[in-house]
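Here the structure comes first, spelled out in structure tokens, and everything after it is commentary.
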Amino acid sequence: GDSVTQMEGPVTLSEEAFLTINCTYTATGYPSLFWYVQYPGEGLQLLLKATKADDKGSNKGFEATYRKETTSFHLEKGSVQVSDSAVYFCALTGLTGGGNKLTFGTGTQLKVEL
Amino acid sequence: NAGVTQTPKFQVLKTGQSMTLQCAQDMNHNSMYWYRQDPGMGLRLIYYSASEGTTDKGEVPNGYNVSRLNKREFSLRLESAAPSQTSVYFCASTKDRDKGLAFFGQGTRLTVV
């Protein structure tokens, strides 16, 4: 079935550092790929998405490129801020189970310090 | 602009007690979902409902029941709570045409002692 693997956290960075959170996936067909963010005490919210190979999703300075050849969708940001501290989830929608439902990775906690 | 509303936000149960988690959305979405979030496990789907009157099992349905009361509301019931059900529970809804764009509630933190 479909699955998403992302790097374990926590990831601790200084403010203005470069961020990469790795995500790889396994799916049949051509899934859509997503990054969701969960701020402390809140539910998840969509950060960005890409629906086909070589698409780049971007939002709030974050970017991720859909790489079909490496089945990856790594999240990057050039200069993180303390306010980016959160848990980040990579996810996909595939056809497994017939419902085109979201499958999530385990999440990566990011801590940004001054 | 309420989106997805869950109640309660926090709950402590004794083993064997029952309770119902409530969820309502005001976005006219057909599809609704219940997830649980556990450390190191990410979000796992418990049950989902593709439309009013239909429900289907997800990845971890054992010990839970659901009711899709109407288009707006989707409740999750624990008939006999167990410590293994200690978790954070999230309700979500999606549009039919974009199942990847999910709107989440703020979560219910449940502790079973």
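Each chain gets a letter, A, B and so on, in the order its sequence line appears, and its residues count up from 1.
Comparing A:Leu46, A:Leu44, A:Val4 by how many heavy-atom pairs each has under 4.5 Å with chain B, the most go to A:Leu44. Considering only heavy-atom pairs separated by less than 4.5 Å from chain B, the leading option among A:Gln45, A:Glu42, A:Gln38 is A:Gln38.
Between the side chains of B:Ser87 and B:Asp38, at least one donor-acceptor pair of N or O atoms lies under 3.5 Å. For the residue pair B:Thr94 and B:Tyr33, a side-chain donor N or O sits within less than 3.5 Å of a side-chain acceptor on the partner.
With respect to A:Tyr36, the ring-ring contact (aromatic ring centres under 6.0 Å, His included) criterion is satisfied by exactly one of A:Phe104, A:Phe62, A:Tyr88: A:Phe104.
No cation-pi contact links A:Lys52 to A:Tyr66, judged by a cut-off of 6.0 Å to the six-membered ring centre and 45° from its axis.
With a 4.5 Å cut-off on non-hydrogen atoms, B:Gln6 does not touch chain A at all. If you measure heavy-atom distances from B:Tyr35 to chain A, the contacts under 4.5 Å come from the side chain alone. Both the backbone and the side chain of B:Ala102 come within less than 4.5 Å of a heavy atom in chain A.
Formation of a donor-acceptor pair under 3.5 Å by the A:Gln81 side chain with backbone atoms of A:Ser83 is not found in this model.
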